[in-house]
Amino acid sequence: VQLQASGGGLVQAGGSLRLSCAASGRTFSNLNMGWFRQAPGKEREFVAAISRSGLSSDYTDSVKDRFTISRDNAKNTVTLQMNSVKPEDTAVYYCAAQGGNYSRVKREYAYWGQGTLVTVSS
């Protein structure tokens, strides 16, 4: 599975940004998808996940009610809509995929994209 993330950039606090991830190489609808992020000097952490069908999603507490994960199985894409961003959202964001159980555990994700940098200015 190849994953290509895009959409990162510089945004002011309170603004919005939309990240996209295009997948290829395997039937997309068989994959659970997730977004993780890694801030400088910190561990990579879970942000959001969405099930194969798109009917279930999960978020880390710090982004609930601000971020929305969605997917389009016809276009093989997963999106992270980021609203009301904060400086602490600054990180490299990675999309990830796995064919096992729907999860927020990063070691359960077998496939990773290259990451896209999001910088939130105060």
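Note that these values count all heavy atoms, side chains included, but never hydrogens, waters or copies made by symmetry.
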Is it true that a side-chain atom of Ser53 and a backbone atom of Leu55 form a donor plus acceptor pair closer than 3.5 Å?
yes
Whether Phe46 and Phe36 hold their rings parallel, tilted or perpendicular, with breakpoints at 30° and 60°
perpendicular
Taken to the nearest 0.5 Å, the spacing of Ser51 OG from Arg71 CZ works out to 7.0 Å
Considering only heavy atoms from C-beta outward, does the side chain of Val118 approach that of Thr90 to under 4.5 Å?
no
Heavy-atom closest pair, residues Ala23 and Leu3:
CB-CD2, 3.6 Å
Which pair of non-hydrogen atoms, one from Ala22 and one from Thr77, has the smallest distance, and what is that distance?
CA-CG2, 4.3 Å
With rounding to the nearest 0.5 Å, note down the distance linking CD1 in Ile50 to OG in Ser70.
6.0 Å
Should Leu80 and Val11 be counted in the same cluster of Ile, Leu, Val, Met, Phe, Trp and Tyr side chains packed under 4.5 Å apart?
yes
Compare all side-chain heavy atoms of Ile69 with those of Val78 and state whether any distance is below 4.5 angstrom.
yes
Partners of Asp89 by salt bridge (Lys or Arg N to Asp or Glu O under 4.0 Å), sequence neighbours excluded?
Arg37, Arg66
Using atom types as modelled and distance alone, determine if a side-chain donor or acceptor of Arg104 lies under 3.5 Å from a backbone N or O of Ala48.
no
Donor-acceptor contacts, no H, no angles, side chain residues 13-20, under 3.5 Å, sequence neighbours left out:
| from | atom 1 | to | atom 2 | distance (Å) |
| --- | --- | --- | --- | --- |
| Ser16 | OG | Asn83 | OD1 | 2.9 |
| Arg18 | NH1 | Gln81 | OE1 | 2.9 |

Nearest 0.5 angstrom please: Asn76 CG to Thr27 OG1, how far?
8.5 Å
Distance, nearest 0.5 Å, that separates OH of Tyr59 from OG1 of Thr68
4.5 Å
Phe67 and Val47: which non-hydrogen atoms are nearest, and at how many Å?
CD2-CG1, 3.9 Å
How close do Thr116 and Gly8 get, heavy atom to heavy atom, and via which atoms?
OG1-N, 3.0 Å
Leu117 side chain near Tyr93 side chain, heavy-atom distance below 4.5 Å
no
Is Gln12 atom CD crowded by more than 12 heavy atoms from other residues, nucleotides or ligands, each under 6.0 Å away?
no
Taking all non-hydrogen atoms of both residues, which atom of Arg52 and which atom of Gly99 are closest, and how far apart?
NH2-O, 2.5 Å
Is there side-chain contact between Trp35 and Cys21, with heavy atoms separated by less than 4.5 Å?
yes
Between Tyr94 and Met33, is there a shared hydrophobic cluster once you connect ILVMFWY residues whose side-chain heavy atoms come closer than 4.5 Å?
no
So, for Lys106 and Trp112, which heavy atoms are closest and what is the spacing to 0.1 Å?
O-CZ2, 3.6 Å
Supply the atom-to-atom distance Gln114 CD to Cys95 SG, rounded to the nearest 0.5 angstrom.
7.0 Å
Between Ser103 and Glu108, is a side-chain hydrogen bond (donor to acceptor under 3.5 Å, both in side chains) present by the stated rule, with each step listed?
CA-CA 7 Å; Ser103 170; Glu108 295 186 3; 2.9 Å; yes
